[in-house]
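One structure is given below, encoded as structure tokens.
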Amino acid sequence: MASSDQLTRLRAVPVSAFYRAKGVDPAAVRTPDEFRRLPLTTKAELVADQAAHPPYGSNHSGTLADYGRVHQTSGTSTGRPLKWLDTPASWSWLLDCWADGFADDIGVRPDDRVFFPFSFGPFLGFWAGFEALARRGTWVIPGGGMTTAARLRYLLEHAATMVCCTPTYALHLAEVAAAEGLNLTDSPVRAVVVAGEPGGSIPATRTLIETAWGARLFDHYGLTEVGPVAFETIQTPGRLRVQTDRFIVECLEPDSDRDVPPGEVGELIVTNLGRHGSPLIRYRTGDLVKLTESAAGTYLDGGVLGRVDDMIHVRGNNVYPAAVEAIVRRFPDVAEFRIVIDTARPLADLRLDVEPTPTADAGRVCAAVADAIQNDLLFRAAVTAVPPGTLPRFEMKAKRVVKVG
């Protein structure tokens, strides 16, 4: 339930043409019940709005001359990315979110050197995190435009103590380091901050990353459209603390407006309270979470558990890719994997392509993974080994689900 302090901040959010057309006036909201009666906002609405008012849509509190940054999402179900504008004030607010997350939750130290092996393109990614640290005087090391091997040598040369990337890329960096004879556990890196995928809060994936790096992993959750929402803290591994002074979060049943009980899985709904240039009110993120509240704060327990639109229907079973990853990553002999969904027949089949490490017994790895899937997820999946180096590696969000048929 929205607090009185949150509603006070909400009333300061300017109304855009987009929300005026929806009949939403933040300044008129006085009670939590009035807030809950506001209409939900969907990504499909935003995509349609930008198509109707190209290229940036109508969700702006000022003229285009008031804005100074443009980013875009990595894509939607339609394949069309959302373009997102920020005024200097809104961008500064995003930096404040990251700065507090780094300082209060992750515990950045004055002598830290933070490496960003990230190609700084239009995707928001770690842009705000990089600039937030630079603004507070922390040593930041950009790593765009390099091969993975070159990035590894660069971070070692500059004695980086923290690395910010996706979980998938953290694992790939470790894989290449092993091939290059570089021992990451002997490096100064003490923390790996991950975002963009559920992997950071999947126990098996988390263990692989922390073991390979000899460092503590910190998960983070945010979206291009709303900003940096939650950070894992030093004291609460596996739980992400929501910045409730900057965001109102709710947890609803997917495709409905009904609350789910605390601690049960539902879709995360986010309202940002300070990104006034491009506000979002009651935004359906499409991300599945367990939301819990206590005197210590509001948390995403276990981070992001999956996506509403990622559910795979396999012979009467509903499966999320994160559940498959949680099993596959228990096997260190699997370097990479891909989920192949064959929809050629009335009942879809799931095949798992696994790429064993070069020294692994491929047959044994495939049999062990298949048994684990059957035991844990209660269906049979064909598990096939592919040659080393066959499956793609990803710097940004991994795309491991492929549909055929």
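Small disclaimer: the values here were computed from a predicted structure and weren't measured. Hydrogens, waters and symmetry mates play no part in the numbers below; they use all other heavy atoms, side chains included.
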field: Candidate pair Arg136 and Leu133, rule side-chain contact (heavy atoms from CB on, under 4.5 Å), full reasoning
entry: CA-CA 5 Å; Arg136 74 190 298 269; Leu133 287 174; 3.8 Å; yes
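- A donor-acceptor pair under 3.5 Å links the side-chain atoms of Glu395 to the main chain of Ser119, judged by distance alone.
- Using a cutoff of 4.0 Å between basic side-chain nitrogens and carboxylate oxygens, Arg338 and Glu355 are not scored as salt-bridged.
- Remark: Arg36 pairs with Glu250, Asp259 by the salt bridge (charged side-chain N to carboxylate O under 4.0 Å, His left out) rule, at least two apart or across chains.
- Under a 3.5 Å cut-off, the side chain of Ser90 and the backbone N or O of Gly277 do form a donor-acceptor pair.
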- prompt: Does the side-chain contact (heavy atoms from CB on, under 4.5 Å) test come out yes or no for Leu223 and Val270, once each step is laid out?
  reply: CA-CA 10 Å; Leu223 292 172; Val270 178; 5.9 Å; no
query: Hey, mind stepping through Asp333 and Arg364 against salt bridge (charged side-chain N to carboxylate O under 4.0 Å, His left out) and telling me if it holds?
result: CA-CA 10 Å; Asp333 285 336; Arg364 288 183 180 179; over 6 Å; no
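- Thr271 places a side-chain N or O within donor-acceptor distance of the main-chain N or O of Arg282, the cut-off being under 3.5 Å.
- In this structure, Leu94 and Pro228 have side chains that are in contact, with non-hydrogen atoms separated by less than 4.5 Å.
- The minimum heavy-atom distance linking Leu40 with Ser256 is given by the pair CD1-O, 4.4 Å.
- Annotation: the span from Leu240 atom CG to His220 atom NE2 amounts to 8.5 Å, rounded to 0.5 Å.
- Counting all heavy atoms, side chain and backbone alike, Gly57 lies closest to Asp49 at CA-OD2, 3.3 Å.
- Summarising the geometry, atom OG belonging to Ser3 is positioned 10.5 Å from atom CG belonging to Leu10; distances are rounded to the nearest 0.5 Å.
- Not counting sequence neighbours, the partners of Glu232 by the side chain to side chain donor-acceptor pair (under 3.5 Å) test are Arg206, Arg216.
- Side-chain contact between Val289 and Tyr221: absent, with no pair of heavy atoms (C-beta onward) separated by less than 4.5 Å.
- Taking a 6.0 Å sphere around CG of Asn375, one finds it holds more than 12 heavy atoms contributed by other residues, nucleotides or ligands.
- Side-chain N or O atoms of Glu225 include none that pairs as donor or acceptor with a backbone N or O of Leu280 at under 3.5 Å.
- Using a distance-only test at 3.5 Å, with no hydrogens or angles considered, no donor-acceptor pair links the side chain of Arg258 to the main chain of Glu253.
- One distance of note links CG of Asp112 with CZ of Phe102; it measures 10.0 Å at 0.5 Å rounding.
- Geometric assessment of Arg113 against the ring of Trp139 yields a positive cation-pi assignment under the 6.0 Å and 45° thresholds.
- Of the options Val15, Leu7, Leu273, Leu38, a side chain to side chain contact (heavy atoms under 4.5 Å, CB included) to Pro26 is made by Val15 and by none of the others.
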- request: Determine, stepwise, if the pair Leu82 / Thr224 fulfils side-chain contact (heavy atoms from CB on, under 4.5 Å).
  value: CA-CA 9 Å; Leu82 285 170; Thr224 296; over 6 Å; no
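- Between Leu288 and the options Asp310, Val308, Val304, a side chain to side chain contact (heavy atoms under 4.5 Å, CB included) holds for only Val308.
- The minimum heavy-atom distance linking Phe331 with Val369 is given by the pair CD1-CG2, 3.8 Å.
- Checked against Trp98 for a ring pair (Phe, Tyr, Trp, His ring centres under 6.0 Å), the options Trp127, Phe231, Phe130, Trp93 give a single hit: Phe231.
- His158 is not listed as a side-chain neighbour of Phe115, based on a closest heavy-atom distance of 4.5 Å or more.
- With 3.5 Å as the limit, one finds no donor-acceptor pair spanning the side chains of Thr161 and Arg109.
- Put simply, CG on Asp287 and SG on Cys251 are 11.0 Å apart, with the number rounded to the nearest 0.5 Å.
- Remark: side-chain polar atoms of Glu34 are paired, donor with acceptor, to backbone N or O of Arg30 under 3.5 angstrom.
- Side chain of Trp213 to backbone of Ala170: a donor-acceptor contact under 3.5 angstrom is found.
- Tested against Asp301, the residues Arg241, Arg239, Lys290 include a single salt bridge (Lys or Arg N to Asp or Glu O under 4.0 Å) partner, Arg239.
- Separation of atoms CZ (Arg246) and CZ (Arg9) is listed at 9.0 Å; rounding is to 0.5 Å.
- Side-chain atoms of Thr41 and Tyr19 form a donor-acceptor pair, as typed in the model, at a separation below 3.5 Å.
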query: Taking it one step at a time, do Ile141 and Tyr154 satisfy side-chain contact (heavy atoms from CB on, under 4.5 Å)?
result: CA-CA 9 Å; Ile141 307 168; Tyr154 199 62; 3.4 Å; yes
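- Within the 4.5 Å cutoff, the side chain of Gln50 has heavy atoms near those of the Trp84 side chain.
- Contact check on Asp96 versus Arg135 returns a salt bridge, with a Lys/Arg side-chain nitrogen under 4.0 Å from an Asp/Glu carboxylate oxygen.
- Salt-bridge annotation for Asp376 and Arg330: present, with a side-chain N of the basic residue lying under 4.0 Å from a carboxylate O of the acidic one.
- No donor-acceptor distance shorter than 3.5 angstrom exists from the side chain of Ser92 to the backbone of Ala89, with no hydrogens or angles considered.
- By the 4.5 Å heavy-atom criterion applied to side chains, Tyr299 and Thr236 are counted as neighbours.
- Ring orientation note: the planes of Phe116 and Phe120 are tilted relative to one another, at an angle of 30° to 60°.
- When all heavy atoms of Ala212 and Leu184 are compared, the closest pair comes out as O-CB, 3.6 Å.
- A donor and an acceptor atom, one from each side chain of Ser278 and Asn59, are nowhere located under 3.5 Å apart.
- Between the side chain of His71 and the main chain of Lys83, no donor-acceptor pair closer than 3.5 Å is present.
- Expressed to the nearest 0.5 Å, how far CD of Glu131 lies from CG of Leu95 amounts to 6.0 Å.
- With Glu175 contributing its side chain and Ala335 its backbone, the two residues share no donor-acceptor pair below 3.5 Å.
- By the neighbour-count criterion of 12 heavy atoms within 6.0 Å, atom CE of Met146 is densely surrounded, having more than that number from other residues, nucleotides or ligands.
- For the pair Arg275 and Phe247, the cation does not sit on the ring face, since its NZ or CZ is not both under 6.0 Å from the ring centre and inside 45° of the axis.
- By the 30° and 60° cut-offs, the orientation of the rings of Tyr169 relative to His172 is tilted.
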